[in-house]
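Notes follow the structure.
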There are 2 protein chains.
Amino acid sequence: MSEIRRGDTRPYHHGDLRRALIDAALDLVTEEQDWTFSLREVARRAGVSHNAPYNHFSEKRDLLGAVAAAGFETLRERMQGAALRAGDPRAAFIASGKAYVKMGVENPALYRLMFGPALAAANGPAGRNLEGEADRPAEARAAGARAKAVLDEIILRGAETGAFAVSPDNKDNKKERAIASLSAWSAVHGLTMLIIDDLAAQDLAIDTLVTRVLHIMLEGLVPRRGQ
Amino acid sequence: MSEIRRGDTRPYHHGDLRRALIDAALDLVTEEQDWTFSLREVARRAGVSHNAPYNHFSEKRDLLGAVAAAGFETLRERMQGAALRAGDPRAAFIASGKAYVKMGVENPALYRLMFGPALAAANGPAGRNLEGEADRPAEARAAGARAKAVLDEIILRGAETGAFAVSPDNKDNKKERAIASLSAWSAVHGLTMLIIDDLAAQDLAIDTLVTRVLHIMLEGLVPRRGQ
DNA sequence: CGCTAGAAGTTGACACTGTCAATATAACCC
DNA sequence: GGGTTATATTGACAGTGTCAACTTCTAGCG
């Protein structure tokens with residue numbers, strides 16, 4: 001139940017406004033569960049004028065990216081912690097998956113922001129932005145990749161110890177591990193989204209739901225006897 | 001590659017504006033890949049004043065809900081078609097899953113709209129709306145449920161024929177089937193999201209990715225010999 | 001130390017949004 | 001035909017993201 005991480009340094013003109021803005025936005029998104037806050041509202045909360053943020057973020061999406069990055073970092077910490085506490089790869093897989101869903105369910109607004117379309121670039125008419133411009137803030141992308149790395153590591157350990165059959169024919173193929181990792185992430189991400197959107201069956205306790213889904217995915221990764 | 005369904009009747013004052021608005025919005029979302037269109041833009045495209053939509057939708061979210069419902073209906077059709085063409089439950093599972101992901105990847109903006117936060121209600125400070133008010137438009141919810149029913153049906157068939165082990169101890173338990181169904185939906189939904197958000201490994205062809213992920217999920221549902 | 005260049009913050013403006021209220025217009029029913 | 005009602009328009013309001021011009025502070029160099 002640790003708080004979303006906040007920083008504290010104040011080297012600048014009016015304090016570290018960049019950090020203050022991110023914190024204010026985190027407040028809005030975690031306390032008020034409002035992921036559609038306006039830039040001006042954030043500025044108000046930070047006690048500065050509506051245009052001050054533009055000195056630190058060239059557009060609103062960049063602020064959102066920074067907030068999402070903070071969310072991903074917390075996610076990474078919780079997954080990592082759960083995995084370390086768990087021990088063997090199978091247990092780590094289940095534990096970090098549960099931690100993942102828990103974080104999403106506890107902070108739906110933040111989770112929505114992390115994966116939601118607010119971060120994605122407004123595409124040109126062609127459906128893709130013309131130059132190779134990254135369509136999500138680089139900061140958020142990188143933080144997301146670091147969170148995923150925790151899962152990759154678990155898959156790797158499982159593959160090494162033979163707990164997971166990451167490939168039908170080639171146990172240490174990197175590509176096969178990537179697929180296993182992606183499968184697991186898909187299941188966990190999809191489940192979190194469905195729960196948040198209230199599209200999962202409501203008459204089942206979330207925790208048993210998560211456990212069962214993760215186990216099914218896990219069984220799909222386990223090598224079968226005799227083939 | 002069929003179009004998103006559009007309707008055509010014109011009984012009213014200025015034609016069937018409700019339908020015209022939905023169509024205009026579908027145009028924006030499928031052709032321009034813009035899921036952040038304004039209500040006014042939609043009205044402009046339909047050739048009416050900026051307030052005309054309020055005679056048919058009490059707020060913007062209701063229009064979005066109708067658009068999402070159209071998307072879910074198309075999704076249902078494609079899954080259903082793929083499943084019927086496939087035959088046995090295992091093949092139907094894979095085929096409808098592929099159809100699902102394909103639809104999402106081909107229409108990312110529409111898919112984002114269908115599951116995105118634009119549909120969710122702006123929550124009160126407590127994080128949940130106070131009265132039991134449904135937080136997504138009922139129309140979209142219902143259409144989504146109908147799409148999910150296709151998957152439920154496949155799972156049911158697979159459970160009956162013994163192709164899927166939906167429960168470790170109780171083969172025809174309804175709750176167990178719900179969990180199996182939810183697991184599959186999670187995997188497919190999560191995978192679609194990750195691909196759309198460009199978070200899945202790019203060096204792998206989408207189709208093989210989908211196939212592999214679905215097979216892993218499928219293996220997790222298959223009964224094991226000797227336990 | 002004093003000055004100055006540039007960073008940080010403010011004020012004001014613009015076009016645009018979602019939504020409300022008041023008004024006009026067309027369609028339908030008796 | 002006349003009145004009721006659904007449908008559409010015009011106008012307004014508060015609020016938004018972002019640009020431009022201006023002011024204020026501060027860090028660093030002579």
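All chains are named by letter (A, B, ...) in the order of the sequence lines, taking the proteins before the strands, and each is independently numbered beginning at 1.
- Separating the CD atom of A/Glu59 from the C1' atom of D/dT16 is a distance of 15 Å, rounded to the nearest angstrom.
- Across C/dG9, D/dA8, C/dT19, the shortest atom-to-atom separation from the side chain of B/Arg40 is found for C/dT19.
- Side-chain atoms of B/Arg18 and base atoms of D/dT7 include no donor and acceptor less than 3.5 Å apart.
- In this structure, CG of A/Leu39 is placed 20 Å from P of C/dC16, rounded to the nearest angstrom.
- When the side-chain nitrogen and oxygen atoms of B/Arg44 are compared with OP1 and OP2 of C/dT17, one or more of them lie within a distance under 4.0 Å.
- If you measure from atom OH of B/Tyr54 to atom P of D/dA12, you get 18 Å, rounded to the nearest angstrom.
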Take A/Thr30 and A/Asn107 through the test side-chain hydrogen bond (donor to acceptor under 3.5 Å, both in side chains) and record every step on the way to the result.
CA-CA 6 Å; A/Thr30 59; A/Asn107 301 354; over 6 Å; no

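- One interatomic measurement links the two molecules: CG of A/Asn51 to P of D/dT24, which rounds to 17 Å at whole-angstrom precision.
- Residues A/Trp185 and A/Tyr100 bring a donor and an acceptor atom of their side chains to less than 3.5 Å of each other.
- What separates CZ of B/Arg61 from P of C/dT19 is a distance of 9 Å, to the nearest Å.
- Rounded to an integer number of Å, the gap from B/Glu41 CD to C/dC16 P is 11 Å.
- We find that CG of A/Leu21 is positioned 13 Å from P of D/dG17, with the value rounded to whole Å.
- Taken to the nearest 0.5 Å, the CD1 atom of A/Ile216 stands 14.0 Å off from the CD1 atom of B/Ile216.
- Ring centroids of B/Tyr111 and B/Phe72 are separated by 6.0 Å or more, keeping the two rings apart.
- Note on A/Ser38: only backbone sugar-phosphate atoms sit closer than 4.0 angstrom, heavy atoms only; bases stay farther off.
- Among the nucleotides D/dG17, D/dA8, C/dT10, the one closest to the side chain of A/Lys60 is D/dG17.
- By the 4.0 Å N-to-carboxylate-O rule, A/Glu73 lies too far from A/Arg78 to be salt-bridged with it.
- The phosphate of D/dG11 (OP1 or OP2) has no side-chain N or O of B/His50 nearer than 4.0 angstrom.
- Atom CG in A/Asn55 sits roughly 16 Å away from atom P in C/dG6 (whole-Å rounding).
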